[in-house]
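Have a look at the structure below before the remarks.
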Amino acid sequence: DTEVTQTPKHLVMGMTNKKSLKCEQHMGHRAMYWYKQKAKKPPELMFVYSYEKLSINESVPSRFSPECPNSSLLNLHLHALQPEDSALYLCASSSVSTNEKLFFGSGTQLSVL
Amino acid sequence: GESVGLHLPTLSVQEGDNSIINCAYSNSASDYFIWYKQESGKGPQFIIDIRSNMDKRQGQRVTVLLNKTVKHLSLQIAATQPGDSAVYFCAESILTGGGNKLTFGTGTQLKVEL
């Protein structure tokens with residue numbers, strides 16, 4: 001199984017809502033990532049988890065809260081988002097030793113109203 | 001600041017021709033340079049990478065060239081097919097205190113004309 005599965009595929013939320021994005025992989029990868037991608041732009045790194053511990057936070061606002069409950073799962077909890085947070089949120093995983101080769105999910109398209 | 005960018009935002013080629021996608025980078029400390037392909041509605045997909053101590057690497061129908069003197073990276077696709085139509089991103093992997101960071105360039109849209 002070489003897939004990274006993200007749910008939901010689409011999400012519409014209001015600025016006062018709380019929602020969570022979920023990501024799952026069964027490749028035995030111990031590094032997992034959240035990226036944000038605006039239309040026609042490159043993915044931008046948000047968070048990196050290595051061995052279930054947060055190793056990189058790219059100065060992301062606290063309204064985004066990542067969680068890695070185990071080696072297969074990665075969540076992104078959303079609260080009090082702004083309309084400018086609307087984007088495609090991509091999850092990826094990799095082995096820790098070959099972490100230039102990321103496996104990406106298809107993303108969650110998020111719209112904040 | 002440091003950046004990875006692309007020369008051409010859109011490239012149109014005839015089916016069967018070879019494609020060359022270019023990328024300029026500015027961080028000399030990068031360990032790896034990587035090409036990703038992103039089709040509509042999907043996440044980026046790894047194509048090929050090259051270590052910073054190499055200047056050429058070949059895969060199936062693809063070749064990556066690295067010129068460290070002028071900080072230039074290119075992806076060559078042989079006998080371009082309709083399925084190659086996508087956005088191509090170059091990326092660089094940089095070792096930081098928190099681990100390796102992958103930073104993407106601005107992307108080139110490749111359109112294959114029949």
Side-chain angles (χ1 to χ4, degrees), chain A residues 2-7 9-10 21 23 25 27 29-60 66 68 74 87-109, chain B residues 1-6 8-10 21 23-25 27 29-54 57 59 64 66 73 86-110:
Chain A
T2 58
E3 277 194 358
V4 175
T5 304
Q6 289 188 245
T7 55
K9 293 191 184 304
H10 301 274
L21 309 185
C23 175
Q25 58 89 12
M27 292 177 278
H29 289 163
R30 301 301 296 275
M32 295 189 78
Y33 310 78
W34 281 113
Y35 278 82
K36 173 183 177 180
Q37 186 176 27
K38 290 277 201 177
K40 302 189 185 302
K41 297 291 187 182
E44 297 178 346
L45 182 65
M46 300 175 71
F47 302 105
V48 180
Y49 274 83
S50 181
Y51 298 107
E52 297 84 66
K53 294 192 186 306
L54 184 66
S55 59
I56 296 177
N57 176 343
E58 289 288 275
S59 302
V60 179
C68 190
L74 185 67
L88 181 68
Y89 287 85
L90 292 161
C91 172
S93 70
S94 75
S95 77
V96 174
S97 60
T98 56
N99 54 14
E100 73 282 0
K101 185 175 181 178
L102 270 56
F103 292 77
F104 281 87
S106 293
T108 294
Q109 187 65 56
Chain B
E2 302 288 3
S3 65
V4 177
L6 293 177
L8 297 173
T10 302
I21 302 172
C23 177
Y25 68 91
N27 191 333
S30 300
D31 300 310
Y32 281 92
F33 298 90
I34 313 102
W35 284 100
Y36 281 83
K37 170 187 181 183
Q38 187 172 22
E39 296 174 274
S40 181
K42 296 184 179 180
Q45 178 185 10
F46 174 92
I47 301 174
I48 191 169
D49 64 355
I50 186 168
R51 271 195 96 147
S52 57
N53 61 356
M54 302 171 64
R57 190 169 186 212
V64 56
L66 176 62
L73 184 72
V87 177
Y88 288 80
F89 292 100
C90 63
E92 55 181 352
S93 178
I94 305 167
L95 183 62
T96 69
N100 270 20
K101 278 178 52 173
L102 202 64
T103 302
F104 287 81
T106 54
T108 293
Q109 174 79 56
L110 176 64

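Within every chain, numbering begins at 1; the chains are lettered A, B, ... in the order of the sequence lines, protein sequences first and strands thereafter.
Taking A:Lys101, A:Gln109, A:Glu44 one by one and counting their heavy-atom pairs under 4.5 Å with chain B, the maximum is reached by A:Lys101. Highest contact tally toward chain B, considering only A:Pro43, A:Cys91, A:Gly105, A:Gly107, is held by A:Pro43 [criterion: heavy-atom pairs under 4.5 Å].
Only the side chain of A:Gln37 comes within contact range of chain B, with at least one heavy atom under 4.5 Å from a heavy atom of that chain. In this structure, chain B has a heavy atom under 4.5 Å from the side chain of A:Leu90, while its backbone stays farther away. Contacts of B:Gln38 with chain A are made by side-chain atoms alone, with heavy-atom separations under 4.5 Å and no backbone atom involved.
Checked against a 6.0 Å centroid threshold, the rings of A:Tyr35 and A:Phe104 count as neighbours.
Ion pairing of B:Lys101 with A:Glu58 is present here, as a side-chain N (NZ or NE/NH1/NH2) and a carboxylate O approach within less than 4.0 Å.
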key: Criterion ring-ring contact (aromatic ring centres under 6.0 Å, His included) on B:Tyr36 and B:Tyr88, from CA distance to verdict   = CA-CA 6 Å; B:Tyr36 281 83; B:Tyr88 288 80; over 10 Å; no

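Just one of A:Ser55, A:Cys68, A:Pro66 meets the side chain to side chain contact (heavy atoms under 4.5 Å, CB included) condition when paired with A:Phe47; it is A:Pro66.
Scored by the side-chain contact (heavy atoms from CB on, under 4.5 Å) test, A:Glu100 finds A:Thr98, B:Tyr32, B:Ile34, B:Asp49, B:Ser93 as partners (sequence neighbours excluded).
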